[in-house]
Protein chains: 2
Amino acid sequence: MKLRILVVDDEPEIIELVEFNLKQAGYAVTTAADGAEALKKARTQTPDLIVLDVMLPEMDGFEICKALRLDAATAKVPIIMLTAKAAEIDRVLGLELGADDYLTKPFSPRELLLRVKKILARFQTEEKPKEQLRFGDLLIDLPRHIVTWKNKPIEMTATEFKLLTILAQRAGRVQSRDQLLRDVWEYDSLIDTRTVDTHMRRLREKIGAASKHLDTVRGVGYRFVE
Amino acid sequence: MKLRILVVDDEPEIIELVEFNLKQAGYAVTTAADGAEALKKARTQTPDLIVLDVMLPEMDGFEICKALRLDAATAKVPIIMLTAKAAEIDRVLGLELGADDYLTKPFSPRELLLRVKKILARFQTEEKPKEQLRFGDLLIDLPRHIVTWKNKPIEMTATEFKLLTILAQRAGRVQSRDQLLRDVWEYDSLIDTRTVDTHMRRLREKIGAASKHLDTVRGVGYRFVE
DNA sequence: CAACCATGTGACGATTCGGTGACGAAATGA
DNA sequence: TCATTTCGTCACCGAATCGTCACATGGTTG
């Protein structure tokens, strides 16, 4: 499925340039020449990204941006602003507006593409955290704070649960002891890194057969294997 | 590591001026006087940025630009075009060429430096370090801390993994033993440089056929060849 | 060819690393 | 309050890994 991009600008040449390049790169592009059209298309087509010029007749880019954010249907769509003045950058990225990136004119098509890719990559991978993690017979239920093995509950402490969860959420990726200390214990560890080992041991003990998922990578850290 | 800039122009005065200023600013500069030379150097030296004059004998800047884009090895290098005519700007930044910025002659050295910095900053920050390195049948997965050859995992120790990774990330460039000690062992090595040899040997042993990628450069160090 | 130097190789002792059980402190809960 | 659970640290052990050495090998130089 192609990613959809809405381009908002009133200058036909810019529109043409941007549209051509984005289409070339495999995106589905729709365009709008003014604020009213932009808002309407944003709501009806739910694009994955909006490229928005600041300088527009009637409703300017700032206003459109604000309006987009206020509408629940479009509030979360990433926006890249096009601006002629470097001085406007602060306002563009400011809190009230919340654009996700900006480009100052003149910009090269390649530059635009880089930004588009970067922003889309960021938003695309930002999947909402799953409520349940399942690996074979092992089930981790985050909201319920329950772990089961073959449907049989496994008792464990809060720290152990968090440790297991963090590892499972990054299944496959090796986590160093320092990393784990930061993420599980949160405050910058005044804690001995060996503490992680002890908790891993207790965790392994409790989850029994499921401990086959918990891998030690000597000299590096621990890893959850699927 | 200094950023490398290739300057392409046929007028010696311009070359000299640009080269002096860029070097002053801490860049590594190489120059080319015509299209053929430019293409060759662009491919062999993999500069981080190319400053390209439009007006050149034989092959003009537009053609060179196009040729650079068509070659995978140079397609992603940002280009700043130098042009005498403001009227050419559209073409320079336009669809078919895709230069990343332009300067109209005459330009001041400060102006050039500003552009160079701007462009380099943009493209430099976009590059995220790769999570996977693939060379033929050899795959190095950094976050997973796994190396495979023809999809078959290769066991190795943490040090060996780091050594291989560092070499692979700098594929093609020879690394001295001292360099490797610094980067792999991190602290300023109280360690014998011959230790590197031993680890290279163990590494080669373990990765078997893939060791064809590991080159010894007599008298200098080791190199990862693609 | 001979001497020399850089690198490959195998072996070995030293060190590091992770698993483990134990213990007291801290937190929890009745 | 007291009993119980959970936590962080420690000491110890076996095993994996490391750094170094001595020697072999092979390329280079005169």
Side-chain angles (χ1 to χ4, degrees), chain A residues 145-147 153-167 174-225, chain B residues 145-147 153-167 174-225:
Chain A
H145 233 262
I146 287 175
V147 179
I154 300 176
E155 297 293 327
M156 65 178 66
T157 72
T159 314
E160 284 154 10
F161 182 83
K162 201 163 183 185
L163 177 58
L164 176 62
T165 302
I166 295 267
L167 282 168
V174 179
Q175 305 291 309
S176 72
R177 289 174 175 73
D178 281 309
Q179 186 75 46
L180 290 170
L181 277 179
R182 265 197 299 283
D183 295 345
V184 178
W185 281 258
E186 294 193 343
Y187 49 92
D188 283 272
S189 53
L190 313 138
I191 295 182
D192 190 343
T193 57
R194 288 305 307 280
T195 298
V196 178
D197 296 43
T198 302
H199 278 272
M200 284 300 293
R201 180 178 137 278
R202 290 170 182 156
L203 188 52
R204 279 168 168 158
E205 213 169 76
K206 291 191 182 173
I207 67 176
S211 67
K212 69 177 180 189
H213 290 291
L214 298 177
D215 233 6
T216 305
V217 183
R218 186 173 237 271
V220 188
Y222 292 98
R223 166 175 52 197
F224 189 103
V225 292
Chain B
H145 229 264
I146 285 174
V147 179
I154 301 175
E155 298 291 328
M156 65 179 65
T157 72
T159 314
E160 283 154 10
F161 182 85
K162 202 162 183 187
L163 177 59
L164 176 61
T165 301
I166 296 265
L167 282 168
V174 184
Q175 303 291 310
S176 72
R177 289 174 175 72
D178 281 308
Q179 187 75 45
L180 291 170
L181 277 179
R182 263 198 299 285
D183 295 345
V184 178
W185 279 258
E186 295 193 343
Y187 49 92
D188 283 274
S189 50
L190 315 134
I191 294 180
D192 190 343
T193 57
R194 289 304 309 281
T195 298
V196 178
D197 296 42
T198 302
H199 278 274
M200 284 300 294
R201 181 181 135 275
R202 290 172 181 156
L203 188 52
R204 280 169 167 157
E205 209 170 81
K206 291 192 181 173
I207 67 177
S211 66
K212 69 177 180 189
H213 290 290
L214 298 177
D215 235 7
T216 304
V217 183
R218 196 184 168 76
V220 188
Y222 293 98
R223 168 177 54 187
F224 189 103
V225 293

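A note on names: the letters A, B, ... follow the listed sequences, proteins ahead of strands, and every chain is numbered from 1.
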What N/O pairs connect the protein and nucleotides 1-5 of chain C at under 3.5 Å? Give each pair on its own line.
from, atom 1, to, atom 2, distance (Å)
C:dC5, O2, B:Arg218, NH2, 3.4

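- The phosphate of C:dG19 has OP1 or OP2 within less than 4.0 Å of a side-chain N or O from A:Tyr222.
- Side-chain contact between A:Val184 and A:Gln175 is absent, with no heavy-atom pair separated by less than 4.5 Å.
- No side-chain heavy atom of A:Val196 sits less than 4.5 Å from a side-chain heavy atom of A:Asp178.
- Within the 4.5 Å cutoff, no side-chain heavy atoms of B:Leu163 are placed close to those of B:Arg202.
- Note: NE2 (A:His199) to C1' (C:dG18) measures 16 Å, nearest angstrom.
- Counting all heavy atoms, side chain and backbone alike, B:Lys206 lies closest to B:Glu155 at CD-O, 3.4 Å.
- Across all strands shown, B:Val196 has no heavy atoms under 4.0 Å from either base or sugar-phosphate atoms.
- Of the side-chain N and O atoms in A:Thr216, one or more sit less than 4.0 angstrom from OP1 or OP2 of C:dG19.
- In this structure, the separation between CZ on A:Phe161 and CD1 on A:Ile146 is 8.5 Å, given to the nearest 0.5 Å.
- D:dC18 atom P lies 12 Å from atom NZ of B:Lys162, rounded to whole Å.
- If you take NE2 on B:His199 and OG1 on B:Thr159, they are separated by 5.5 Å, rounding to the nearest 0.5 Å.
- The nearest whole Å value for the distance from the CZ atom in A:Arg201 to the P atom in D:dC12 is 17 Å.
- Side-chain proximity of B:Glu160 to the nucleotides D:dC7, D:dC10, D:dC18 is greatest for D:dC18.
- Remark: B:Arg177 engages B:Asp197 in a salt bridge, criterion side-chain N to carboxylate O under 4.0 Å.
- Here A:Trp185 does not reach the OP1 or OP2 of D:dC7: none of its side-chain N or O atoms lies under 4.0 Å away.
- Under the 30°/60° scheme for interplanar angles, the aromatic rings of A:Phe224 and A:His213 are found to lie parallel.
- To the nearest 0.5 Å, atom CG of residue A:Leu164 and atom CE of residue A:Met200 are 8.5 Å apart.
- Of the listed nucleotides (D:dC7, D:dC18, D:dT9), D:dC18 has the atom at the smallest distance from the side chain of B:Arg202.
- In this structure, A:Asp192 places its CG atom 13 Å from P of C:dC17, rounding to the nearest Å.
- Within 3.5 Å, no donor on the side chain of A:Arg177 pairs with an acceptor on the base of C:dG18, nor the reverse.
- In this structure, CZ of A:Arg204 is placed 16 Å from C1' of C:dG21, rounded to the nearest angstrom.
- If you take CE of B:Met200 and C1' of C:dT7, they are 11 Å apart, rounded to a whole angstrom.
- Remark: P of D:dG8 and CG of A:Leu203 are 14 Å apart, rounded to the nearest angstrom.
- B:Thr198 comes within 4.0 angstrom of a base, heavy atoms only.
- Within 4.0 Å (heavy atoms only), A:Arg194 reaches at least one base atom of the nucleic acid.
- Within the 4.0 angstrom heavy-atom criterion, only backbone atoms of the sugar-phosphate kind lie near B:Thr157; the bases stay farther away.
- If you measure from atom CZ of A:Phe161 to atom C1' of D:dC7, you get 18 Å, rounded to the nearest angstrom.
- Both B:Glu205 and B:Asp197 sit near DNA chain C, but only B:Asp197 has its closest nucleotide nearer the 5' end.
- Between the side chain of B:Ser211 and the main chain of B:Ile207, no donor-acceptor pair closer than 3.5 Å is present.
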N/O to N/O distances under 3.5 Å, protein versus nucleotides 25-30 of chain C:
none

